[in-house]
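Working notes, structure below.
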Amino acid sequence: MTHNLFAAMRDRVVAALAVIVPDLPPEVAARVEVTPAKDPAHGDMATNAAMVAAKPAKMKPTEIAAQLVAALVADPDVAEAASAGPGFVNIRLKPAAWQALLPVVLGAAEAFGQSDVGQGTRVNVEYVSANPTGPLHIGHCRGAVVGDALANLMTKAGFAVTKEYYINDAGNQIAALSWASYWRYLEAIGTGLSEEAFGREVPGGLQYRGEYLIPVGQALAAAHGGALATADKAIAAPEVWLETVREMALSMMLASIREDLAVLGVVQDVYSSERELAAKGATDVTIDLLRDKGLIYEGVLEPPKGKTPEDWEPREQTLFRATQFGDDVDRPLRKSDGSATYFANDIAYHADKIGRGSDILIDVLGADHGGYVKRMTSAVKALGGQLDVLLCQIVHVLKDGQPLRMSKRAGTFITLRDLLDEVGPDAVRFTMLTRKSDAQMEFDINQAVAQTRENPVFYVQYAHARCRSVLRAAEEMFGAGATDGAALANGALESLEDEAELALMKRIASWPRAVEGAALAREPHRIAFFLYDLASDFHMLWNRGREDAALRFLQADRPGESRAKVALVAATAMVLRSGLAVMGVRPVEEMR
RNA sequence: GGACCCGUAGCUCAGCUGGAUAGAGCGCUGCCCUCCGAAGGCAGAGGUCGAAGGUUCGAAUCCUUUCGGGUCCGCCA
């Protein structure tokens with residue numbers, strides 16, 4: 001018994017088709033699909049096989065369909081098959097075929113829905129990768145959730161997934177962080193210097209004025225006393241303090257980021273440091289590698305069209321032939337002073353990921369990195385790898401109907417922690433996954449905490465809680481062990497034949513299909529919608545029991561029927577749980 | 001000037017890689033608790049899928065053009 005009834009039926013359809021059209025090309029057979037019927041009136045499943053095969057077979061679709069129907073009605077699982085429309089074949093399974101899935105679900109438990117479409121392909125999903133210069137904010141949150149769920153999803157679909165975070169701990173912004181932290185240090189040891197006076201001494205001016213660096217200054221003061229300043233507590237030469245301050249600031253920022261992520265339920269496998277990579281000379285090695293492929297040249301770029309910067313002047317730089325791989329212009333790898341660009345370092349980083357053994361690289365980035373996608377995919381292609389980029393569009397946060405605007409400069413941005421404190425990690429994660437990632441979304445705080453159907457988090461959790469409630473009641477009514485998977489799996493199930501019960505079983509049966517489809521499309525949000533539909537089927541059945549006593553899950557005088565219904569409830573709870581697990585949302589046992 | 005993303009019910013959004021009569025929630029109109037949690041369910045109204053061409057047995061989905069909204073655009077990371 002397979003876990004995926006749709007895949008099983010597809011195999012049978014293809015086999016039948018091969019008899020009807022003996023020399024069917026494999027690429028045509030590959031296009032055959034068996035999908036859930038959109039309209040239950042059509043049946044349970046539909047296949048496009050006849051239409052796909054018509055042209056190569058030089059037959060009419062309806063003719064092939066008629067022969068397919070003849071072959072399929074002989075299948076013991078098939079109740080009826082019929083040709084329809086331009087050449088669809090609709091299939092209705094016997095209730096027994098759906099019922100037989102329940103023992104499989106209960107036996108497989110969380111493993112139900114797992115797939116091997118990934119074939120162990122090694123995938124590296126990189127997400128969050130926020131600069132360690134301050135706390136995570138709303139903008140990072142969506143990428144964190146989407147990346148994490150995608151990684152879980154692909155794992156379930158049979159990919160070998162590594163979750164990774166790239167730490168941008170080199171470059172100008174870290175110098176700026178160090179200066180800002182140094183200011184908080186001077187503040188902590190008590191100096192007469194004003195912020196303005198200090199700012200004048202900082203190359204490029206003082207940035208990162210947020211209060212979150214105060215603890216860094218205090219920690220430095222506690223660890224080093226006045227040793228990082230001059231005798232009169234003024235600014236010392238950078239050689240005296242820069243490295244010490246930088247290390248403290250970086251480690252504290254990173255620790256706080258990881259702490260926030262942990263609250264969100266995100267724990268990554270690998271944290272890669274840009275600085276460590278640069279220290280190994282990885283960038284030079286990578287540039288040489290590209291040069292050997294003839295993809296590097298010294299040249300001068302055209303000024304950007306539209307708005308030309310005032311101080312534009314043509315300069316010769318080391319350029320990568322990104323245009324050969326679909327990018328719009330060639331991209332600089334070295335600045336005119338010979339130092340490496342961020343892009344060059346990032347290529348080296350992606351080369352490193354490939355070198356560590358990844359067949360597919362996936363970067364989950366924010367919408368503001370849109371302009372970066374082509375050049376990076378080009379570079380990875382040049383290195384012989386594959387990079388897919390998921391761009392997460394902007395999230396607008398609403399509270400009480402009003403947009404919460406964030407201003408980084410004023411230090412009034414909404415931190416991830418603020419959001420988590422307000423709505424909790426489960427609602428944050430679920431809600432962030434209720435939109436496809438390349439569409440902008442509104443995050444309505446009031447809706448995310450609402451205890452009504454308009455809140456999908458609640459609705460799905462409620463379905464699970466109701467399942468658990470029934471299972472608890474079943475143990476009370478029929479004794480401990482009444483809800484054991486093995487006991488349920490061995491019972492008779494043919495009493496499950498009401499439309500609402502069948503609808504629920506069919507939804508459960510399509511879970512493996514949903515996992516595969518979502519994983520291959522890299523669309524974790526589909527899991528949220530699947531669970532919503534599953535919850536809806538369950539709530540419907542629950543309410544049917546109010547009108548029709550025969551549909552109540554627990555009936556003391558009918559233990560056999562009750563056991564079958566409990567098996568269905570247990571299977572529903574199981575799929576809800578494993579779907580929530582993919583999303584990183586904890587199921588609840590009861591609502592309160 | 002260019003690149004990328006999005007235009008689907010009054011509002012917020014799905015639409016399973018091209019399939020049949022385009023779906024859900026909110027809002028609106030009516031129903032359903034002596035009964036496993038009504039924090040739920042059922043029914044109704046509401047659409048030229050931004051627009052125009054094209055591709056084919058078949059388009060919300062793919063291509064071209066166009067109009068709106070968003071993001072971004074030399075050696076910043």
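The model shown is predicted, which means the values in this text are computed figures rather than measured ones. Numbers restart at 1 for each chain; the letters A, B, ... are given by sequence-line order, proteins then strands.
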**OP:** Under 4.0 Å between any heavy atoms, over every strand shown, what does A:E454 touch: base, sugar-phosphate, or nothing? Just pick one.
**Re:** sugar-phosphate
**OP:** Apply side chain to side chain donor-acceptor pair (under 3.5 Å) to A:S272 and list each qualifying residue two or more places apart in sequence or on a separate chain.
**Re:** A:E164, A:R356
Subject >> Partners passing side chain to side chain contact (heavy atoms under 4.5 Å, CB included) against A:V69 (at least two apart in sequence or in another chain) >> reply: A:V73, A:A81, A:S83, A:V89
Original post:
Got a sec, which pairs hit ring pair (Phe, Tyr, Trp, His ring centres under 6.0 Å) with one end in residues 546-573 of chain A, sequence neighbours left out?
Top reply: A:F538-A:F553
**OP:** Sugar-phosphate means primed atoms, P, OP1 and OP2; the rest is base. With that split, encode nucleotides 28-36 of chain B 5' to 3' as B, S or - using protein heavy atoms under 4.0 Å.
**Re:** -------BB
Original post:
Across all strands, who's sitting opposite B:U34 as a Watson-Crick or G-U wobble pair, both distances under 3.5 Å?
Top reply: none
Original post:
Taking only residues two or more places apart in sequence, or in another chain, which ones meet A:V449 in a side chain to side chain contact (heavy atoms under 4.5 Å, CB included)?
Top reply: A:V423
Using a cut-off of under 3.5 Å, enumerate the N/O to N/O pairs linking the protein to nucleotides 6-8 of chain B.
none

Original post:
OP1, OP2 of B:C26 versus side-chain N and O of A:Y459: anything below 4.0 Å?
Top reply: no
Original post:
Does any pair with a residue in residues 433-457 of chain A pass salt bridge (Lys or Arg N to Asp or Glu O under 4.0 Å), and if so which ones, sequence neighbours excluded?
Top reply: none
**OP:** Rounded off to whole Å, could you give me the CG-to-C1' distance for the A:L390 and B:C4 pair?
**Re:** 14 Å
Original post:
Using the P atom in both, what is the distance from B:C6 to B:G41, to the nearest Å?
Top reply: 31 Å
**OP:** May I have all residue pairs that pass salt bridge (Lys or Arg N to Asp or Glu O under 4.0 Å) and include part of residues 39-60 of chain A, sequence neighbours excluded?
**Re:** A:D44-A:K506
Original post:
Base, sugar-phosphate alone, or nothing: which one does A:S336 contact when heavy atoms must sit under 4.0 Å apart?
Top reply: base
**OP:** Using the C1' atoms only, state how far B:C13 lies from B:G74, rounded to an integer number of Å.
**Re:** 39 Å
Original post:
Looking for any heavy atom pair under 4.0 Å, which part of the strands does A:Y532 touch: base, sugar-phosphate only, or nothing?
Top reply: sugar-phosphate
Shorter than 3.5 Å, N or O on both sides, protein versus nucleotides 17-21 of chain B: list them out with atom names.
from, atom 1, to, atom 2, distance (Å)
B:A20, OP2, A:K38, NZ, 2.3
B:A20, N6, A:N90, OD1, 2.5
B:A20, N1, A:N90, OD1, 3.1
B:A20, N1, A:N90, ND2, 3.0

**OP:** Considering just the side-chain nitrogens and oxygens of A:H525, establish if one lies under 4.0 Å of OP1 or OP2 belonging to B:G15.
**Re:** yes
Original post:
How far apart are the C-alpha atoms of A:R468 and A:E589, what are their side-chain angles, what is the distance that settles it, and do they pass the side chain to side chain contact (heavy atoms under 4.5 Å, CB included) test?
Top reply: CA-CA 6 Å; A:R468 300 299 302 165; A:E589 294 296 306; 2.7 Å; yes
Original post:
For B:U29, what is the paired nucleotide under Watson-Crick or G-U wobble rules, both distances under 3.5 Å?
Top reply: B:A43
Original post:
Given B:C13, B:U56, B:A24, which nucleotide is nearest the side-chain atoms of A:R453?
Top reply: B:A24
Subject >> Closest nucleotide among B:C13, B:A77, B:G40 to the A:N168 side chain >> reply: B:A77
Original post:
A:N131: what forms a side chain to side chain contact (heavy atoms under 4.5 Å, CB included) with it, not counting sequence neighbours?
Top reply: A:T133, A:N168, A:Q173
Original post:
Can you tell me the Watson-Crick or wobble partner of B:C62, both distances under 3.5 angstrom?
Top reply: B:G54
Original post:
side chain to side chain donor-acceptor pair (under 3.5 Å) with A:R526: which residues, sequence neighbours excluded?
Top reply: A:E523
Original post:
Which base, if any, makes a Watson-Crick or G-U wobble pair with B:A3, both distances under 3.5 Å?
Top reply: B:U71
Original post:
Under the salt bridge (Lys or Arg N to Asp or Glu O under 4.0 Å) rule, what pairs show up with a residue in residues 392-404 of chain A, not counting sequence neighbours?
Top reply: A:K399-A:E422
